[in-house]
Each structure stands twice: as structure tokens, then as C-alpha cells.
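See below for the structure under consideration.
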Amino acid sequence: RQELLKWNGWGYNDSKFIFNKKGQAEFTGRRYRLGGMVLPTFKEWIEKTFGASLEHKSTSRASLNVNDVPPSVVNEEFLQDLRATKISYSQDAEDRVFRAHGHCLHEIFALREGIFRRIPDIVVWPVCHEDVVKIVELACKHSVCIIPFGGGTSVSSALECPEEEKRTIVSLDTSQMNRILWIDEKNLTACVEAGIVGQDLEKRLAESGFCTGHEPDSMEFSSLGGWVATRASGMKKNIYGNIEDLVIHIRMVTPRGIVEKNCQVPRMSTGPDIHHFIMGSEGTLGVVTEVTIKIRPVPEYQKYGSVVFPNFERGVACLREVAKQRCAPASIRLVDNAQFQFGHALKPQVASIFTSFLDGLKKFYITKFKGFDPNILCVATLLFEGDREKVLQHEKQVYDIATKFGGLAAGEDNGQRGYMLTFVIAYLRDLGLDYYVIGESFETSVPWDRVLDLCRNVKERIVRECKEKGVQFAPFSTCRVTQTYDAGACVYFYFAFNYRGISDPVHVYEQIETAAREEILANGGSLSHHHGVGKLRKRWMKESISDVGLGMLRSVKEYVDPNNIFGNKNLL
Amino acid sequence: LRTVSHSLFVYSQQKELTSKKRDEFEDILEERRLSSDLRYAMKCYTPVIYKGLSPCKPNAIKSAVLQSEQVQYVIKQLAKETGESPDIIQEEAMEILDEMGHSMQLGAVRFFAFTLSKIFKRLFQRVCVNEEGMQRLQHAIQEHPVVLLPSHRSYIDFLMLSYLLYTYDLALPVIAAGIGKDFLGMKIVGELLRRAGAFFMRRSFGGNRLYWAVFAEYVKTVLRNGYAPIEFFLEGTRSRTAKTLTPKFGLLSIVMEPFFKCEVFDTYLVPISISYERILEESLYAYELLGVPKPKESTSGLLKARRILSDNFGSIHIYVGQPVSLRTLASGRINRCPYNLVPRHLPQKPSVDVQEFVTDVAYKMELLQIENMVLSPWVLVAAVLLQNLPAMDFELLIEKTLWLKGLTQTFGGFVEWPDNLCAKKAVTSGLALHSNVARLVDGHVVLNDKGKEDGAVEETVFKRALAVLLCGTYRNQLLNVFVRPSLVAVALQMTRSFRREEVYSCFSFLRDVFSDEFIFFPGISLKDFEEGCFLLTKCDAIQTTQQEIYPTDKGSVVLSFLSAMFRPFLEGYQLIFRYLSKEAKEAFTEKQFIPGVRNFVFQLLEKGNTECYEALSSDTQKNALAALVQLGAVKKKKMTNGLTYSVNQEAVNNVLDMFGSRVPAQKPVAARL
């Protein structure tokens, strides 16, 4: 699998944005709907938005320089004992570097132009729960440090090795633990090994006519165990729930032993739920090996949709109303104007004159006839799922509400493209990096009444900070309301800027991201909705959950892992 | 921690002080005198607006206020508590809104533009504005909601400011002006003002929660929408003495709330200094301070004031200060997170941190006003003259005025004295403009303090007091620029010691006593002391070592001038304290206190036992009483019929002792310099 993936960027080797010989943007590969298509307006958008120019390229080094990689220093006795277990392992530099990072900007930047100071000394590949038990026992015996590794899609510096760690660091790669152990159709549950990657899980369950419905944007690469460890959220949570709603049983190997419940029940009242110590523990307590998860029959019918609103305020008001009436479709998202235009720029070349004529007509209707300002309007994308009849009924209900808030239905195609974008957008950063543009996303959750204020203030703060830090071209800062709840919403920000003329772009970037996070917290937003804390957001934990709260978590850590075998230093 | 943030806070201010470079002035009347007022009033008026503005009509704002969660919440609460039906209370709220509410109409604005052009050209020679300040303001209005904080010396203030904004094609401000009993009576003018965008608040509505809720929400709605700049007076009311009044905090904390609650990204506070060469209401003020009922400011009264229109009131200088970002001020001082735990529409008592912050910002803004307040030559003349009564040699007056000009500039005062204007001309034209205050007789300048030749003693004292207070109004404009070095000078005299510690402790005592009289940034006594010493060193009046401060040989001129400048206050307070320790009843109301102390001082003046006419000023009297309250020598209690004071005789005597042992006997002021 490692071979399929980029070593210094996001996703598959064969899928990326390039500028072809004609200078037009193109997305390569056949994995995505956008694959092989030419995006005629994209170049102009990049130039206009970032002031970037195709003539100014900053190239990554072509491959890893093995000599730069810190040597592997492995505790000899541990290695001997490990060999005896027959669990496969590697001390190869590329294997180790691949597992030394997640996908934060500074990590990718280090891969392209710098190097990590500390990386795992050895990678192990357990194939089952028992293997993990053995590895953890050996680690305790020889005092080495374990960092569990799932899909490697972390964006919180959670996978980075603490520089000051003197012990041998073992990267425990769960990818070989990827079997579905059983499916229980009567209770609609499945027991799955934690290393399975999201899209494989769905594919294999589909063979039996089931799905979990858990679809984080990273589902092509992220693993079940990783979801549990970070408290993941899926796009279709309105129907299937977030990870905490999906999980029925967890098995985790800790230095103290195995922690699990004695039954597989929908709910129990036995003190604080121990699952909640595990979910979001970010690899600080142990390795999740097996998870029993709820499954559902694969839905009969899926339908995308989209609605245009005259402005963001109306759009948010509509989403709030949908949430109030508890009739949110599987997914409902609202992108602001900047993101709408961004999506527009990624429109592929149209196949026929007829489609282009239709597009023109639509545009005319919305902007001229309905009087929407193309620089203010915003779009909601929808995904309905379920019985065909119910979907159509549901669709009507949602569109009726949208109409009350000045929304106009804007077609299935726009909706579908919106969701496809979420998967390819991660590839865009790599393109940006080639042209002095750096960017990242971050998220938060916020009460309904503060959504608008938070979005406006955070975007403004980013613009301001960029200016103060000497960023010459106004940054691209945009947001979308990406999940709705009864009491609030999840807001997702993209932020990118052209860093030409700045000597230490990563540092500047981090300062701005920090300022943006401070702004989020001041505006009543959370430290994180689903990305987690890792090491990137640790500094705000105390103010987020209070001193006592932090102490509670610490005491769990102290009991479960007194010698800090799981020493990735996340969270606490 | 507070001191740390304080010093940061003040530091920025001092930096401004040293690197001060002020803008140039433009006379906006010049253009008016050259071209048609009618065309000016009918000009295309398309003010720049806040970038986030969603346009709406005044009525839409009113209904938004009425329907707001904040107001509805209070209505429900009141209904629950009083048993009144919510509809009736809602109606009441509507009435309050109508009473306050502005309704900006372009027609009224144009009418004002036309009439004010006519009136201002009659009254004033020049209306000078720093154009760069206007440009900064224009920029600020587009960026964030703006709060205009002008100084308040005259009713002209807000007319002039609106006129100014109109002239520069900026949105007219929504004005929170107090409804005095005097002011709402001005029916026609009131209604016109309202249509031009003013809205009014009652001067006192302490107990009325509905009023407060409606009013606060109104201000915040205008601010949040960026509908128009909000304008109000930190001083709360017109300063009758031309000396900056200590700030009021209510409105300031209202306009800060949207930022604290993250409803706006930032808010600009713009200090504006408006100074008058001759204040329109000067004699009204003097009468008022002496307790003589002034004519009611009714519309007909204003018409009678037509007489005034034929008079000359010199120039006005308006300095629009640098917009101050509230976000920057609050950064590192205010944690906005606590606001996240309670729904934002619930009324919340501001935390101690926030209260302190509001206080500090209020003082900072007033100090910025003071810093940019233009001082005319006449202000210097008045200050010199008051130390040389009853008559002063004209040549000497000129010489001394010029000397004071230098000193004022050393202290950072903003003297508007054209380069080519010779001192004699400056003094002469000042005398001409203020012929009602002083005049030239046989080469000597004397105050106009003569009653009828055969008038009773009482009449003489009254006339003299009136003249002194009138003249004092101009000297007062210097005081806040001079107060730090002067109190050092006074402390040096009072302690008769050169030990730094002793001088400082006396300075600190004086600063506390005068904390209502002059504007001091809270809690930085030592910094003020150091600044005072620094300025005195700068003009070679003192020399300092680590432990000692001593006057230089030639410093005595400066030092005695400075302490003489503040003597009226030292002596005045002493007299008032004496009254409280000897004459006053055990408990009294403010209504009883003022006439009591006035009679007491009046008698002393009649008998010739004191020369301190300024102790007759009700302003000084109130401040002195407030000082004792702050020092704990007088207790203030809230009773059903208002405030009641009770004196702790012993404590007052103690304060008096501090003074008595220290205030030096009045020496004849060194007339030869």
C-alpha cells in the first residue's frame, strides 16, 4: 500500500493536479470522477486568488535522501525478543520516514525541503490482536516507546515523534490487521480488526449488503482504529452517527492489560463509559485492536442536491431551521462565496455546447432574474439516502424550507461535484506547494447563534494576521458549515496564501493558525470537532476542559500507562 | 498583573507623547464664505459606509430593537415581576424608543447644512479641522463600527461634528445626547435634531430597567450593523469649567459589549478634541457655577439668543484623533471566553476585569482628547492674568504670556500660535475677543469685575467672583497639561524637603485628593510623578538624583508660577473641608451642601478673610466632597430621596491637617520675573 501512496504529499501517486503543456490545469489518474479532466478556469482562479504565477515554481526534492534520515537505534534485547515472535518488522529508512508524520503543513514541508529530527526506529506489522499483546508486553519489558500508526492521515501532529524521546520508538502499523472477523445480521453489528481502512471496510461490508455509513473525508486512507482514537466524525453522521454513536465494543491493548466490556449492548449504566476514555485518547493509552461497529443495509437510493442562497446569512438560517425540524439529510453543507467560486473554478471543460448553453442559462436565471450577486451568493450541497420514496419526500421537505430562506434549487450535479471536491481538495495543497502557495484546513464546532459571528471574525482575523506578518497577497480564507446538530454546527475553514517574499513560511503559517484558533475560542468555538488535539493544539487543553478535567485525564493515563510506553505525548 | 498591563497601556500613550507630530488644520468655513450655501446643502451626499453594512431604515432598526431577544427578555422578566401584561410593557418600550429614536431624513440634514452654514459663519471666524484626521476617520468607518468620543464644552459640539461629517461626505453620527430638563423643551430644534440623526437618552434612568435595556440595545444594534457612527460624550455633560470632567462609564461599556461578545470583529474609538477660542455659553456657565439660576434653554430662549449671533466667538479647532482599535486595547487584557457560557442576550454584569478595562479606556480616551486639545493664546493670557489681579501691566502681561507659551509647549501642550504672530498682537486680539472678561485701562489689564459704583459688598463679591470664574474657564484649559509637573512643584513647597520619597508621598496624596478635579490615569501615581519630574527637569526647574529632588536657582520662577496656578484649588478645597469639619450638619444631602458651603465661603470673602473666589464654584465644591468620599472621610448613602452624606469629623480634620500644615501661606506672587 505504501507503494501506491505519495511519500511527500497527499493520497495516491497517480492522482494529482498538474498544469499540462497548454498551461491548463488537469487532474491525473482514473480514481476520481475528476480524473483525466481539464479544468480550463482553474489557472486563472489561482492567479487571481493568490497572485501566484506559473513561472515561479518551488519544487520538492524528487525522492527521500536516505543519508539525511536519522539512524535507527533499536534496543538489542527488544529486537531479539521481537524476532522470536515472528512478527514482521522493518528498519528501512523509507518505511520509518513514511510513518514519522501525518499531513500537517509543516510535516509535508519537512518532507519536501527539510527533514524530521526524530523518526521511529523500527516499524512492526502485527497481524492480529495477539501479536499486539506480544509487542506491548515486549515494549514494557524492554522499556521502548510505541506509537500506533493507522492510516497516517493525522492533521494534529499526533504522529510526530517527540524529539527528546531517548528510548527506541516503535511504530506499530496496524494495516495488516484488516479482517472483518464476523458479521451479526440479527443485531446489525460487525466485529472488525482496527487496522482496516475506511473504503475497504465499506467495500467488504457491501459484499454482504451492508455498510457502516461512516465516511470521514479521509476514508480512503484512514483506519477504523484511527477513527476511534481521534473521535472521528463522518459526513453522513445525520443518519449513521459519529464514531461514538457507531461503536458497540472496543478491545484495546494497554500496558496494564486488555480493556474491554463484557457484553455488546446498545447502552449500559455502569459508571462513566470507559469507551470515552478510549475514544479520543489519540494513542496515549494503548492500541485499539478490534472494534464491534453498527452496520446498516446498504441504502436503496442516493440522491445529491444543491441550493443557492442569496447570501451566507440566509444559508445559515436555513440550515438552522433544517436542524431545528430535525430533517437534515444524510449530509448538508453550506459553503461560503469564496468556496463556491473555488468550486466553480474546478469545473471541468464541458463536453457539449448544449451543457455550456444550459450553464449559461442557469447563471443568467440566478444572477439576473433572481438578482443574486455572484460575489455574495452561497451554496448548500445535499446528500439524501434511503428508500426511494422517502428520499423524494424528504427532499421536498428540505427544499420547501430552503425556499422560505430565499434558496433556489441548483441541481444534482452541483451537489455531487461539491462532495467530490472534498476528496480531491487535499491533493490541491501539493499543487499549491509547487507554486509558493501554502494552505491547510481546520475545524471547530460552535453554537448556532454564534456561527455567523465566528465565521466572519475568524476569516477577518486571518486576513489581518497575514497582513501584519508581511504576507503580500491577501490570503484565501473561506469556510463552510459542514455538519448540523440540534444545538450547533461544525464549521470547516480553508486557509491558504502565497508565501513569496517570506523567509520562514511555515512559521508564519503556524502563527496565523494559532491566532485563528484563539479567535475561534474567543468566539465560543471548540478546540476541535473531529481533528483532535495531538500536539498541535495541546496548549489550549487546559482552558478547554479546565484544570480538574485535565487532571482526570492525566490520572487515567498514569494508571493505564505509568511508564509512558505510549509516549507520543499527544493530548495531555 | 494589573500594573503590568497598565504600564503597557500607558506606555503606548507616552510613546505617542514623545513622538507627537500633529496634523495641519484646514478652515472649513473658508470654502463656505466663497461658494453658495444652498448648493452646498443640496450637494450630492453619498457617505461612505461600513463594508459589512446591510442597509436598513431607521424604523427597521427600531423594530429590530423591539423584537430583539434582549429587550423581549427584559419585557418578560418585568411582566413576571410586576404582573403587568407583556403587551403593555412592550408598548412602553415602543414609547421609549420613539422618545429616543433617531429618524434620519436627508431633508432635515440638508436644512441643517444650510442653516448651520449661515449661523456658523456669523458666530465664528474659523472652524479648523485636521484634514488627515478626517481621512483616517473615513477609512475607519468603512473598516469597522466607529464610536466618536468628542470633548463636551458646548451644545455647539454635536451640531458642529455632524456638520463636519456632512461636509466631508461621511455618514452622520447617531448621537447619544442627554435629555436634560432643559433640552427636550427645545421642541422644534429637538425634533429637527432627531431627524438629522440625534437620539436622546434620559440623563437619569438608574432604576428603570426597561429604559436601560431598550437604550442599550438600540445603541448596540446601530453599532453592530455599522449603520452609522455612534457619538457620545465621555464626560456625560458639558463641562462648565472647560476642564475635562472625569469620565462616565455606562455608555462606553455598552459600545464595547458587541466586541466582547464577538458580535463585531473590532470597534474603533475615535477621540475628538473640540476647543473654542470663546465658548458660547461662557457666562451662562459662570452663573450656573455660582448657583444663580440660568435662563431656561427653551426654544424661545434660543431665539432670544439672537443677540449672541451678532457677537464674535473666534475660532474653533477640531482635532480628530487617531482611531483606537478596541481589539488592540483588549488584547491580552480581556478574555472573551467567559461570555461563551451564557446566552448572549441575557443581561450580564460586567466582571471586575471588564470594569477595570472600561475605566482605563475611558481615562485613556480623555487623556488623548486633552493631548490634542488646541490652546489659544488667550488661554495663556488668562492664566497669567489670574495670578496678577487686580491689575497687570500690559507689557509685562505680553512678556509673561510669551514665556508661558514656551513652558506649555515644553509640557506637550498644543498651542495654536501662528509662527508670524507677534505676542502683542496675540494678546491684543485675545483681549478684543474677550472684552467681556478683561480690558485695557491706562496700560494695565484689569478684569471686568465692577458692579455699580455704589453697590453693596455682596454685589461686589458676586461680580468679582463672576469675573474670576469666567477668566478661570480659560486658564482651566491648561490645567490638565500642567497638573503633573505642578503637583510636583506644590509637593516640593509643601514638604519643604528635597527627599524624593517625601515629595512623592505628598504628590501622591494630592493626586488622590484631586482625582475628581483633574484627569489621572488610574493607578499609576508613580508614573505620573516621574513624568512631572521629567517635565520639570526638561525646563531646568529642578534637578534630580536617586534620592533627592531640588529646585535649581532659576527654577523658582517656574515652580512658583506652577504652584500659584493650582493654588485656587488647594485653598478652595481647604475652605470647603473647613466648612465640612466645622459647620456642616452630621448628615446632609447634596442639595443642602452646596448652598451651605456657598454661604460659608461668601461670608469669608465679604469679610476679606480669603481671596479664593473659585471656592464659590459649585464644581469645585462637588469635587471636594467627592474627594472626601474617596478618602473615606465622608460616607455616601443612597436613600429614597437621593444621596445622603455623613461626615466623619475626625477624618476630615485629619485631611485638613495634612493640608493645613502644608499649604504655605500665600506669598505675593513674584511679579517681577
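Each chain gets a letter, A, B and so on, in the order its sequence line appears, and its residues count up from 1.
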key: Between B:Asn340 and A:Arg450: side-chain donor-acceptor atoms closer than 3.5 Å   = yes
inquiry  = Distance check, rounded to the nearest 0.5 Å: B:Cys262 atom SG versus A:Ile520 atom CD1?
reply    = 11.5 Å
request  = Taking atom NE2 of B:His139 as the centre, report whether more than 12 heavy atoms of other residues, nucleotides or ligands fall under 6.0 Å from it.
outcome  = no
inquiry  = Could you check whether any side-chain N or O of A:Arg461 sits under 3.5 Å from a backbone N or O of B:Phe265, counting only pairs where one atom can act as donor and the other as acceptor?
reply    = no
ask   = Is it true that A:Arg456 and B:Glu263 have a side-chain N and a carboxylate O under 4.0 angstrom from each other?
value = no
request  = Tell me, for B:Asn335 versus chain A, whether the close heavy atoms (under 4.5 Å) come from the side chain, the backbone, both or neither.
outcome  = neither
ask   = Non-hydrogen atoms of chain A under 4.5 Å away: do they reach the side chain of B:Tyr339, the backbone, both or neither?
value = both
Portion of B:His345 that has a non-hydrogen atom of chain A nearer than 4.5 angstrom = neither
A:Glu543 portion near chain B, given a 4.5 angstrom heavy-atom threshold = side chain
note = Of the listed A:Gly524, A:Ala522, A:Gly525, the one with the largest count of heavy-atom pairs under 4.5 Å with chain B is A:Ala522
ask   = Tell me, do A:Glu460 and B:Asp266 make a side-chain contact under 4.5 Å, heavy atoms counted?
value = no
query = What part of A:Glu519 is in contact with chain B, defined as an atom under 4.5 angstrom from a non-hydrogen atom: side chain, backbone, both or neither?
reply = side chain
note = Here the gap from A:Glu518 atom CD to B:Ser331 atom OG, rounded to the nearest 0.5 Å, amounts to 9.5 Å
message = Could you walk me through whether B:Lys261 and A:Asp453 satisfy the salt bridge (charged side-chain N to carboxylate O under 4.0 Å, His left out) test, starting with their C-alpha distance in whole Å, then the side-chain angles of each, then the deciding distance to 0.1 Å, before giving a yes or no?
response = CA-CA 9 Å; B:Lys261 293 188 171 173; A:Asp453 289 330; over 6 Å; no
